Amino acid sequence: MEFKPLSDSFFQQPTITLARALLGKLLVKETELGTVSGWIVETEAYIGPEDRAAHGFENRRTKRTEVMFGPPGYAYTYVMHTHCLINVVSGEIGSPEAVLIRALEPCGGIDLMYQRRGKGKKELELTNGPGKLTKSLGIVKEDYGRAMFEYPLFIAEGKEIGSILVGPRIGIHNSGEAVHYPWRFWVQDNRFVSK
DNA sequence: CGCAGGATCCGCT
DNA sequence: GCGGATCCTGCGA
């Protein structure tokens with residue numbers, strides 16, 4: 001299968017809008033071992049200045065958050081415990097905003113996904129969580145700052161999806177009032193959604 | 001330089 | 001459901 005990256009202008013929309021627009025799109029990573037892809041079925045928006053749960057809360061600018069202050073469409077990867085998570089930088093230059101990709105429905109390169117995740121895994125366990133999907137696709141912290149409108153890591157046109165459901169985000173219970181913000185989006189009835 | 005705290009996952013109860 | 005694994009980042013001393 002061959003995929004073509006969306007243009008950089010796709011990422012130039014408000015973070016919440018982009019988080020919804022990413023649903024159904026394809027996330028693709030190419031490596032020497034092959035190409036792996038999956039349809040995005042779950043996202044979360046993080047809007048730094050006003051969002052206690054975001055790493056860029058109150059415009060906190062560090063080496064780690066730096067990429068979020070730049071233009072949209074670049075990868076913000078970081079390590080959580082033993083896992084790597086991936087966000088798409090969004091919003092205006094100077095404002096630390098991003099969309100976390102939480103789950104995919106496998107599209108291509110499924111054999112390679114099993115190889116990376118371990119043989120005994122079920123198909124559902126390949127990509128139904130933010131740390132799992134990066135492992136299946138071979139996304140690593142070295143992808144930090146990479147443009148996501150160019151090979152080898154990019155967003156491509158996907159497929160039509162059904163209804164989008166909305167709810168509070170996951171795993172941010174120590175974030176005060178931000179706990180309740182309805183900034184998680186997922187495709188209704190898709191079994192790969194993480195929760 | 002030390003330490004506390006995670007946007008998680010997995011296995012066991 | 002719960003706790004441990006495990007490791008990087010940010011901050012304070």
Side-chain angles (χ1 to χ4, degrees), chain A residues 11 15-16 18-20 22-23 27 29 36 38 40-70 72 74-91 95-106 113-146 148 153 155 164-187 191-195:
Chain A
F11 301 96
T15 295
I16 299 285
L18 182 65
R20 305 180 70 113
L22 280 168
L23 293 175
L27 177 64
K29 172 83 192 264
V36 174
I40 298 171
V41 298
E42 182 181 0
T43 60
E44 284 180 0
Y46 286 85
I47 304 182
E50 50 182 293
D51 181 3
R52 244 192 150 68
H55 296 153
F57 179 53
E58 291 180 328
N59 290 302
R60 190 160 58 126
R61 193 162 188 156
T62 67
K63 188 177 174 186
R64 183 173 68 156
T65 63
E66 184 62 32
V67 70
M68 288 195 286
F69 288 85
Y74 290 79
Y76 168 40
T77 56
Y78 79 98
V79 174
M80 173 58 169
H81 295 275
T82 54
H83 307 278
C84 179
L85 276 58
I86 183 165
N87 298 247
V88 182
V89 172
S90 59
S95 182
E97 306 179 24
V99 176
L100 171 68
I101 298 175
R102 283 196 60 90
L104 304 176
E105 176 182 340
M113 293 196 204
Y114 277 112
Q115 226 175 89
R116 285 169 168 157
R117 285 278 295 145
K119 271 292 179 188
K121 293 286 188 297
K122 297 171 185 166
E123 185 193 21
L124 191 65
E125 300 172 299
L126 293 175
T127 54
N128 68 339
K132 301 176 194 176
L133 71 91
T134 54
K135 189 159 186 192
S136 285
L137 268 67
I139 294 170
V140 292
K141 64 177 188 293
E142 285 74 20
D143 287 313
Y144 181 96
R146 205 161 229 166
M148 295 189 69
L153 171 63
I155 303 291
I164 295 174
L165 296 186
V166 179
R169 294 169 294 178
I170 291 178
I172 55 165
H173 47 82
N174 276 350
S175 303
E177 72 283 356
V179 167
H180 308 294
Y181 295 175
W183 287 355
R184 172 171 170 251
F185 308 92
W186 68 95
V187 176
R191 65 195 191 98
F192 290 92
V193 171
S194 69
K195 190 181 163 189

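If you're wondering where the values come from, they're calculated on a predicted model, not measured in any experiment. Order of the sequence lines sets the chain letters (A, B, ...), proteins ahead of strands, with each chain counted from 1.
Screening A/Leu104, A/Leu27, A/Thr134 for a side chain to side chain contact (heavy atoms under 4.5 Å, CB included) with A/Thr127, the sole residue that qualifies is A/Leu104.
For the pair A/Arg169 and A/Tyr46, the distance from NZ or CZ to the six-membered ring centre is under 6.0 Å and the angle to the ring normal is within 45 degrees. Figure legend: cation-pi geometry between A/Arg64 and A/Tyr78, with NZ or CZ positioned under 6.0 Å from the six-membered ring centre and within 45° of its axis.
Between A/Arg117 and B/dC9 there is no side-chain polar atom (N or O) within less than 4.0 angstrom of OP1 or OP2. Side-chain nitrogen and oxygen atoms of A/Asn174 include none within less than 4.0 Å of the OP1 or OP2 phosphate oxygen of B/dG5.
Distance A/Lys195 NZ to B/dC9 P: 12 Å, rounded to the nearest Å. Taking atom CD of residue A/Glu142 and atom P of nucleotide C/dC8, one finds them 11 Å apart after rounding to whole Å. Atom-to-atom, CD of A/Glu125 to C1' of B/dG11 comes out at 12 Å; the value is rounded to the nearest Å. When the P atom of B/dC9 is taken as reference, atom NZ of A/Lys122 falls 16 Å away, rounded to whole Å. As rounded to whole Å, 10 Å separates atom P of C/dC7 from atom NZ of A/Lys141. Rounded to an integer number of Å, the gap from CE of A/Met80 to P of C/dG10 is 14 Å. For the pair A/Arg60 CZ and C/dC11 P, the computed distance is 5 Å after rounding to whole Å. Atom NZ of A/Lys132 is separated from atom P of B/dA7 by 18 Å (rounded to the nearest Å).
We find that A/Lys132 and A/Glu125 are not joined by a salt bridge, their nearest charged nitrogen and carboxylate oxygen being 4.0 Å or further apart.
Straight-line distance between the P atoms of B/dA7 and C/dG1: roughly 22 Å, to the nearest whole Å.
Side-chain contact between A/Val193 and A/Arg184 is present, with heavy atoms from C-beta onward closer than 4.5 Å.
Between the side chain of A/Asp143 and the main chain of A/Val140, a donor-acceptor pair closer than 3.5 Å is present. Put simply, the side chain of A/Thr77 gets close to the backbone of A/Tyr144: a donor and an acceptor are under 3.5 Å apart. Not a single donor-acceptor pair under 3.5 Å links the side chain of A/Arg146 to the backbone N or O of A/Tyr74. In this structure a side-chain-to-backbone donor-acceptor pair under 3.5 Å is present from A/Thr43 to A/Ala19.
The side-chain ring of A/His81 is stacked on the base of B/dT8, judged by centre separation under 5.5 angstrom and plane angle under 30 degrees.
Considering only side-chain atoms of A/Val79, the nucleotide from B/dC10, C/dC8, B/dA7 that sits closest is C/dC8. Of the candidate nucleotides B/dC9, C/dC8, C/dT9, B/dC9 has the atom nearest to the side chain of A/His83. Considering only the side chain of A/Thr82, C/dT6 comes nearest among C/dT6, C/dG10, B/dA7. Of the candidates B/dA7, C/dC11, B/dC10, B/dA7 carries the atom nearest the A/His55 side chain, counting heavy atoms from C-beta on.
The stretch residues 41-53 of chain A touches DNA chain B through A/Tyr46, A/Ala53, each having a heavy atom under 4.0 angstrom from the strand.
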- Note on the structure: Its dot-bracket string being built from Watson-Crick and G-U pairs below 3.5 Å, with | for another strand and [ ] for crossing, DNA chain B has the pattern ||||||.|||||.

- Task: Apply the test side chain to side chain contact (heavy atoms under 4.5 Å, CB included) to residues A/Trp183 and A/Glu44: give CA-CA distance (whole Å), side-chain angles for both, the deciding distance (0.1 Å), then the verdict.
- Result: CA-CA 6 Å; A/Trp183 287 355; A/Glu44 284 180 0; 5.9 Å; no

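Residue contacts for A/Arg184: at a heavy-atom cut-off of 4.0 Å it reaches no nucleic acid atom on any strand shown. Counting non-hydrogen atoms under 4.0 angstrom, A/Arg169 reaches nothing in the nucleic acid. Counting any heavy atom pair closer than 4.0 Å across all strands shown, A/Asn87 reaches a base atom. Among the atoms of the strands shown, only primed sugar atoms or phosphate atoms (P, OP1, OP2) are found under 4.0 Å from some heavy atom of A/Ile172.
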